[in-house]
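Read the structure below first, then the notes.
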Amino acid sequence: MPPLEGPDQLACARCPPCRAAALLLALALPALAQPTPSGPGQPDPAAAEILLAWQANASPWLSTLATAAGGEHGRVRLAVSQARFTRAARSPDAAAWIRRAADVSGQAAFRRDRFQALSALSDDAYRRGDTAAVIALEREALADALRWGDRREEASSYYGLGLAAQAQGQLDDAESQIREAITLWREIGATRQVALGERALARILETRGLYADAVELQVSALEKLRAAGHAMDQSESHYSLAKLFQNLEDHEAALQASNQAIALMGDAPPDFPLGLNLVLRAQIHLALEQTDASLADARAAQAAFTRNGGELGPALASLALGQALVARGEAEQGLSTLRDGLLRATAINERVLASDLNLALGRALVGMGRPAQAIEPLAAAHAVGEELKLDRLLQDVSLEQEKAWTALGRSDEALSASKRAFESRARLTSFGQLGQLAADSGTRRARERFMAMETTATPGKGPQDANPDTATGLPRWTWALAIPVLLLAWGLLRLSRHVRHLRSEKQQMSARQKALEVEHLALRERVSVDPLTGAMTRQAFAAELATLLSHAENHGRIVALLVFDLDNFKAINDRLGHLAGDEALRLATGIARGKLRSVDLLGRFGGDEFLVACEGMDQPAAEALAEQLRFDLVWRAPDAQPPMDGLSLSVGVAVADMGRGYDAGDLFHRADSALYRAKRAGRNRVVGDDPAHAEAGDGASRRARQWGDALAE
């Protein structure tokens with residue numbers, strides 16, 4: 001772009017005729033600075049190119065004429081018009097012209113134009129993902145706002161700085177800046193801006209895992225926006241709530257919020273927001289296993305993004321469309337769609353979206369039984385999560401990595417992935433927040449307030465004519481073949497009947513054999529499987545453990561044994577009834593089954609006492625697994641039906657190896673002794689095998705005798 005400074009002088013700029021011409025030109029510039037549309041909202045490329053070239057060449061003279069006609073006001077109006085034109089025409093030099101408009105309006109102390117230009121530059125930088133530029137521009141605007149005492153713009157700058165900090169993963173700074181903006185907006189009575197600030201703050205709290213506070217803030221913001229009557233603002237709030245409820249697996253509320261977000265856009269919605277909402281609704285339908293609806297929404301989102309242009313939208317649509325195709329059974333087409341979206345996201349440096357696409361790709365490959373191919377995309381997604389500290393992404397990726405490594409028989413890598421998932425979940429939701437969403441009455445009321453809001457055949461051919469060439473008679477020699485052919489047909493008929501009879505008898509024998517096998521398996525299952533929890537019975541577990549220990553001894557491998565029971569189970573049983581007690585047992589075994597590998601053993605010792613055996617797991621790893629079981633039960637018990645506050649686990653852990661031997665009775669004795677120490681230490685804890693604290697009397701306990709009987713049987 002040529003230099004934008006004006007000439008040193010214009011000889012006739014002060015004479016009356018030139019002043020009049022300059023005034024007319026300055027007044028006409030805003031009209032000249034509007035491109036001729038070639039479609040809805042699109043400038044005519046040829047006309048725009050001509051005007052851009054003319055503007056660049058004539059800018060110094062236009063600036064002098066505008067200043068002569070209107071002084072500083074004329075110069076500012078010209079700079080703003082030029083910036084608006086280059087932006088509307090999508091000129092590559094638009095940022096330089098907007099920067100010039102910001103500088104000119106700042107020199108002339110035209111506050112409104114100055115802040116609008118800085119805001120436009122900040123928005124462009126935010127869309128490019130250049131958060132460093134966003135922060136620099138917002139700080140520049142903040143300095144101006146403080147110098148001029150403009151509290152509204154001061155709040156807007158804090159808001160922009162908060163969004164940039166959130167994009168960089170600096171949640172403490174983001175929360176501080178957004179809260180400062182909300183405080184200023186409240187002081188000046190800007191209700192709509194307060195609502196927007198609360199919505200942004202809710203997203204930060206959601207990222208921190210403070211779901212209860214996030215729900216309350218989102219609903220509060222929506223109520224303010226409903227009172228203000230801004231339909232698009234309300235639509236964005238419904239979109240934010242839909243995402244929040246989806247993360248909380250409250251799909252009913254998520255679907256209602258998503259439907260309302262789309263309805264609020266009206267009959268002619270803007271394409272990009274419509275595409276975003278359709279992508280989200282497609283994912284909600286997918287969670288509800290409504291694959292046809294998910295596929296329809298994903299395709300509609302793709303169409304909306306195509307109309308809007310750009311690369312970000314189609315990449316987002318590829319994520320939803322690929323997931324829907326995989327869920328519908330069109331796996332190869334789904335993988336191709338996900339890979340296409342990944343290429344688009346990588347090309348525009350959308351790293352978080354690329355990580356989501358890599359996660360979806362890895363999850364699909366694991367589900368298709370191709371875990372080796374899933375390792376690379378999952379690793380790429382995990383690297384982005386580590387760099388940007390995205391705990392929810394890290395948790396989801398680690399769980400998929402655990403499945404992939406388990407399927408490949410790599411137990412050490414699978415255990416490491418499981419530990420990473422547990423650590424991410426622990427960071428995502430602090431212990432003090434566990435169960436708060438279900439227990440907090442204010443949050444339940446916020447959800448109820450939201451749910452109570454008013455929501456806006458080819459005809460066939462006719463019969464063919466008879467072939468006119470068909471003969472009307474047969475040669476005489478054909479009759480000589482008639483008798484042999486009839487005899488052969490009769491023999492084949494007898495043979496086919498005999499074959500069908502033999503086949504029928506074989507099928508009946510096979511059916512009887514299968515019935516006997518099913519009956520035998522059912523009998524074995526009744527004997528070896530606990531009917532309430534689905535875990536192995538004590539005798540079946542003892543037999544399987546003996547086989548496992550023998551195999552481990554032959555190959556020099558480690559076997560870990562976890563013995564645990566439910567704390568406060570009797571109190572829950574007495575207070576809530578036996579059905580609640582049964583639910584508690586099923587909850588505990590369900591959590592254990594979700595954490596164990598397919599080769600691990602899970603058994604019910606009796607009552608509320610259970611056993612877990614894992615080959616290839618050393619003492620620290622086994623204690624980490626036990627801690628995950630204990631943590632998950634404490635987390636999920638308050639949300640059970642009915643709620644089971646106080647339900648927890650005490651776990652004893654011991655291992656068999658080359659040093660300590662592979663005797664099943666000794667292994668159980670050491671794990672059971674550790675469990676007793678956990679109980680005596682106050683319950684709700686994991687205690688490992690420690691020979692220094694083992695008690696000789698434990699071997700004669702009731703449980704030891706029962707275990708001995710199980711081994712004998």
Excluding sequence neighbours, so at least two apart, what forms side chain to side chain contact (heavy atoms under 4.5 Å, CB included) with Glu153? Phe115, Ala145, Asp150, Ser156

Set of salt bridge (charged side-chain N to carboxylate O under 4.0 Å, His left out) partners for Asp297, sequence neighbours left out: Arg281

Does Arg139 have any side-chain hydrogen bond (donor to acceptor under 3.5 Å, both in side chains) partners at least two apart in sequence or in another chain, and if so, which? none

I would like to know whether Arg339 and Leu361 meet side-chain contact (heavy atoms from CB on, under 4.5 Å); could you show each step before the answer? CA-CA 8 Å; Arg339 291 188 177 111; Leu361 192 59; 4.1 Å; yes

Sequence-distant partners of Gln323, side chain to side chain contact (heavy atoms under 4.5 Å, CB included), two or more places apart: Gln283, Leu286, Leu319, Ala360

Arg636 bridged to Asp639 by N-O distance under 4.0 Å: no

Using a 3.5 Å distance criterion without hydrogens, assess whether the side chain of Ser294 forms a donor-acceptor pair with backbone atoms of Gln290. no

Applying side-chain hydrogen bond (donor to acceptor under 3.5 Å, both in side chains), name anything that partners Arg328, two or more places apart in sequence or on another chain. Asp292, Glu330

Would you confirm whether Thr183, through its side chain, and Arg179, through its main-chain N or O, come within 3.5 Å as a donor-acceptor pair? yes

Results of ring pair (Phe, Tyr, Trp, His ring centres under 6.0 Å) for Tyr159 - residues two or more places apart only: Trp185

Candidates Ile182, Leu222, Leu201, Ile204 - the one meeting side chain to side chain contact (heavy atoms under 4.5 Å, CB included) with Leu217: Leu201

Throw together a table of side-chain donor-acceptor distances under 3.5 angstrom for residues 273-280, partners on residues two or more places apart or in other chains.
{"from": "Asn277", "atom 1": "ND2", "to": "Pro273", "atom 2": "O", "distance (Å)": "2.9"}

Under 3.5 Å, is there a donor-acceptor pair between the side chain of Thr337 and the main chain of Gly322? no

Run the salt bridge (charged side-chain N to carboxylate O under 4.0 Å, His left out) test against Arg299 and tell me which residues pass, sequence neighbours left out. none

Non-neighbouring partners of Glu289 that pass salt bridge (charged side-chain N to carboxylate O under 4.0 Å, His left out), sequence neighbours left out: none

Hits for side-chain hydrogen bond (donor to acceptor under 3.5 Å, both in side chains) against Arg344, two or more places apart or cross-chain, chain-then-number order -> Glu311, Asp340

Tell me every residue that passes side-chain hydrogen bond (donor to acceptor under 3.5 Å, both in side chains) with Asp271, counting only those two or more places apart in sequence or in another chain. Arg307

Hits for salt bridge (charged side-chain N to carboxylate O under 4.0 Å, His left out) against Arg151, two or more places apart or cross-chain, chain-then-number order -> Glu187

Just wondering, do Leu394 and Arg420 contact through their side chains at under 4.5 Å, heavy atoms? no

Has Ser355 got a side-chain atom pairing as donor or acceptor with Ala381's backbone, closer than 3.5 angstrom? no

Kindly compute the distance separating CZ (Phe631) from OG (Ser648), expressed to the nearest 0.5 Å. 13.5 Å

Take a 6.0 Å sphere around NZ of Lys224 and say whether it holds more than 12 heavy atoms from other residues, nucleotides or ligands. yes

Between Arg203 and Glu175, is the closest basic N to carboxylate O distance under 4.0 Å? no

With the side chain counted from C-beta on, respond yes when Val219 and Glu223 share a heavy-atom pair under 4.5 Å apart, and no when they do not. yes

